Structure formats: C-alpha cells, structure tokens
Amino acid sequence: MTVPVFVKERHDAPPGFFEVEAAGLRWLAVPGGVPVVEPLEVSPGRLATPRLLPVPPTGAAADELGRRLAVLHDAGAHHFGVPPDGWETDGFIGTIELPHALEPVDSWGEFYATYRIQPYLRMAYDKGTIDGRQLEVFEKLCRTLASGAYDDPEERPSRIHGDLWSGNVFWSADGVHLIDPAAHGGHRETDLAMLGLFGMPQLERVLRAYDEAHPLTEGWRDRVGLHRLHPLLTHVVMFGSAYVAPALAMARKYS
C-alpha cells in the first residue's frame, strides 16, 4: 500500500536546511519516546515525510505525550548544545541559523547565554531592532547565566526537540507525533516551556504526566520565562520590534 506523503520544499533553502531537520528527526526517534515523523526523502530544498491525519487532542493522548516526552529527554545528549548525531555544524530554527556547540561547554547557563541569547542579540542590534540601552539589559542577564545562577548539577543534558511550540505537536489517529525539530542537547525545561508559549490544548495534563514520569526540579514553573527568552529573541530577529518588550521583561526578571 502506498504511504501518503507530505513534502516540504524550499528552492532557496540554505545549505543543510532540510538535512539537519532530517538528522534531528532520526535522533529524536528513541524507543518509548514520542513518535516523530520519519524522513522518507531528503535533499537540498526538499524533505518528504509520511502524511499524518489530524484528530482532536484528548486527555489520554496528552498523558501519553507527557510520559513519552520524559523518555525522549532521558535518552540524553553528550553535552549542552550538541547537534544531532550525524550533523557537525549549525542548524536552523524557523528560517534563521541555530548555533550548535561542537565542543562541550562548562554549564547550561554558559551554553544558553553564548549560543541561545547572544547570537540573536547581535542580529537584532545589527538590524536596528534593539538599541544599545536594551542590549545592556540582555547582556546583564548573560552575565547572570554565566555565573551559574540557574545551573543545577543534577540536570544532565537532555535530548530535546528544541522548537516545541504547539504547532510542532501533531495530534493524529496514530498517536501524537513531533514534527519540525531544532534538535540538540539542551535543558528539558526548555521543551516544556515552549509547549505553552503560544498556548496548547491539554497542556496541564501533559505537564502532570511528565512530572509523574520524571519529577521536575523544584521551582521549574518560576523558570518558564527564562526558557522562553530564546524563542522570543528569534521572533525579534524574524518579525521585528513587536517582540522586544516581552523579551526585555523576561531579561529583567531573571537578571
């Protein structure tokens, strides 16, 4: 029987655009984890995967997503910022570059400041979207992160989707699937924070089931905004000044 296929094409795709996505999908496909769409064909400018049929989200499916997401994260990664297996350069989030840490960094805070905040500050500043005064607010947070203020030695690098907003969670008749990753070694709280960034059905059931499967560190809800700062900064770069104010508010809160 022929499998229905979904094809993404971008004729102006930068080198590696679809190839790193396919590598991420393969890396995230861990036994017992959340199902991910399988790359059937990948080439410059094109990625084909099985076509999924959408269904309404249910509480039972949300519980399963939470449990399986914990399994995926627990598959681990060599270090914070490591790219998916088979990939040895930077990736992409949305339409812009996502820096990878090809060598281990000392801590999650250092990784987050160096690879998830500062590159997008430079882009936004160079484009004139943020000014020097605003830049200093973000740089103060980077210094706080580098100091280790938010590091937890019990939290090892997790295998994360990296762009897990609700649009990349596909509720299908065959179970929930993940699509469109920016996969890397990261903090598991990052994926959980992203789930609620733009709202998601059944979110509290997902989080409760996750916490039951792999209990979250005390105070994790207080850090949700910190983990949302990176996607907000990517939106500053891609879509402009409308996202500057919420990003600044997050930076001030956690500095």
Side-chain angles (χ1 to χ4, degrees), residues 6-30 33-34 36-49 69 72-73 75-105 108-124 126 157-170 177-195 197 227-239:
F6 176 76
V7 176
K8 296 197 295 186
E9 291 185 308
R10 181 179 169 184
H11 299 296
D12 63 344
F17 185 79
F18 288 117
E19 292 88 339
V20 67
E21 181 178 339
L25 289 169
R26 296 186 190 104
W27 191 57
L28 294 175
V30 305
V34 188
V36 296
V37 292
E38 177 189 359
L40 300 175
E41 175 193 341
V42 61
S43 61
R46 177 184 171 94
L47 174 65
T49 63
L69 188 58
L72 169 59
H73 289 165
H78 185 264
H79 60 266
F80 292 116
V82 69
D85 289 350
W87 197 254
E88 297 180 352
T89 185
D90 291 338
F92 296 89
I93 185 165
T95 59
I96 56 178
E97 287 191 11
L98 180 76
H100 286 140
L102 302 183
E103 299 295 332
V105 293
W108 176 79
E110 179 185 346
F111 155 70
Y112 197 61
T114 304
Y115 292 90
R116 292 295 175 268
I117 296 181
Q118 290 173 340
Y120 303 94
L121 294 182
R122 289 193 292 270
M123 287 186 243
D126 290 345
S158 294
R159 188 171 306 201
I160 71 170
H161 178 283
D163 191 16
L164 199 57
W165 70 289
S166 59
N168 287 337
V169 177
F170 197 99
H177 285 66
L178 303 185
I179 62 174
D180 298 346
H184 61 277
H187 199 303
R188 63 196 183 114
E189 290 179 10
T190 296
D191 271 353
L192 300 177
M194 277 291 293
L195 284 173
L197 180 57
H227 289 274
R228 289 178 178 172
L229 180 57
H230 170 241
L232 285 174
L233 287 174
T234 66
H235 279 64
V236 168
V237 172
M238 289 188 285
F239 305 118

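Sequence positions, counted from 1, serve as the residue numbers for this chain. Just so it is clear, the structure is predicted and the values come from calculations on it, not from any experiment.
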Query raised in the report: Nearest 0.5 Å, what's the NE2-CZ distance between His230 and Arg116?
Result: 5.0 Å
Query raised in the report: Would a 4.5 Å heavy-atom cut-off, applied to side chains only, mark Arg26 and Pro39 as touching?
Result: yes
**Report entry** For Ala13 against Phe18, the heavy-atom pair lying closest together
**Finding:** CB-CE1, 4.3 Å
Query - Heavy-atom check, side chain of Asn168 versus side chain of Pro181, under 4.5 Å - result: no
Query - CG on Asp12 to CZ on Phe17, rounded to 0.5 Å - result: 9.0 Å
Query raised in the report: Are His227 and Trp108 close enough that their ring centres sit under 6.0 Å apart?
Result: yes
Query raised in the report: Between Trp87 (side chain) and Thr89 (backbone), is there a donor-acceptor pair under 3.5 Å?
Result: yes
Query raised in the report: Are Leu192 and Leu69 side-chain neighbours, meaning at least one heavy-atom pair lies under 4.5 Å?
Result: yes
Query - Rounded distance [0.5 Å steps], NE2 in His11 versus CZ in Arg46 - result: 9.5 Å
Report summary line: OH (Tyr120) and CD1 (Ile93) are apart, to the nearest 0.5 Å, by 6.0 Å
Query raised in the report: Rounded to the nearest 0.5 Å, how far does CG of Leu121 lie from CG of Asp126?
Result: 10.5 Å
Query raised in the report: Are any non-hydrogen side-chain atoms of Val82 and Pro157 less than 4.5 angstrom apart?
Result: no
Query raised in the report: Counting N and O atoms only, with roles assigned by atom type, does the side chain of Arg228 sit under 3.5 Å from a partner on the main chain of Ala193, one being a donor and the other an acceptor?
Result: yes
Query raised in the report: Is the closest side-chain heavy-atom distance between Asp163 and Asp180 below 4.5 Å?
Result: no
**Report entry** Where Leu102 and Pro83 come nearest, the two heavy atoms and their spacing
**Finding:** CD2-CG, 4.0 Å
Report summary line: Here the pair of heavy atoms bringing Ile160 nearest to Gly186 is CD1-CA, 3.8 Å
**Report entry** Mutual orientation of the aromatic rings belonging to Phe80 and His187 [parallel < 30°, tilted 30-60°, perpendicular > 60°]
**Finding:** parallel
Report summary line: Looking only at heavy atoms, the pair that brings Ala23 and Asp85 closest together is CB-O, 4.0 Å
Query raised in the report: Between atom CG of Leu47 and atom CZ of Arg10, what is the distance when rounded to the nearest 0.5 Å?
Result: 13.5 Å
Query raised in the report: How close do Thr114 and Pro119 get, heavy atom to heavy atom, and via which atoms?
Result: O-CD, 3.2 Å
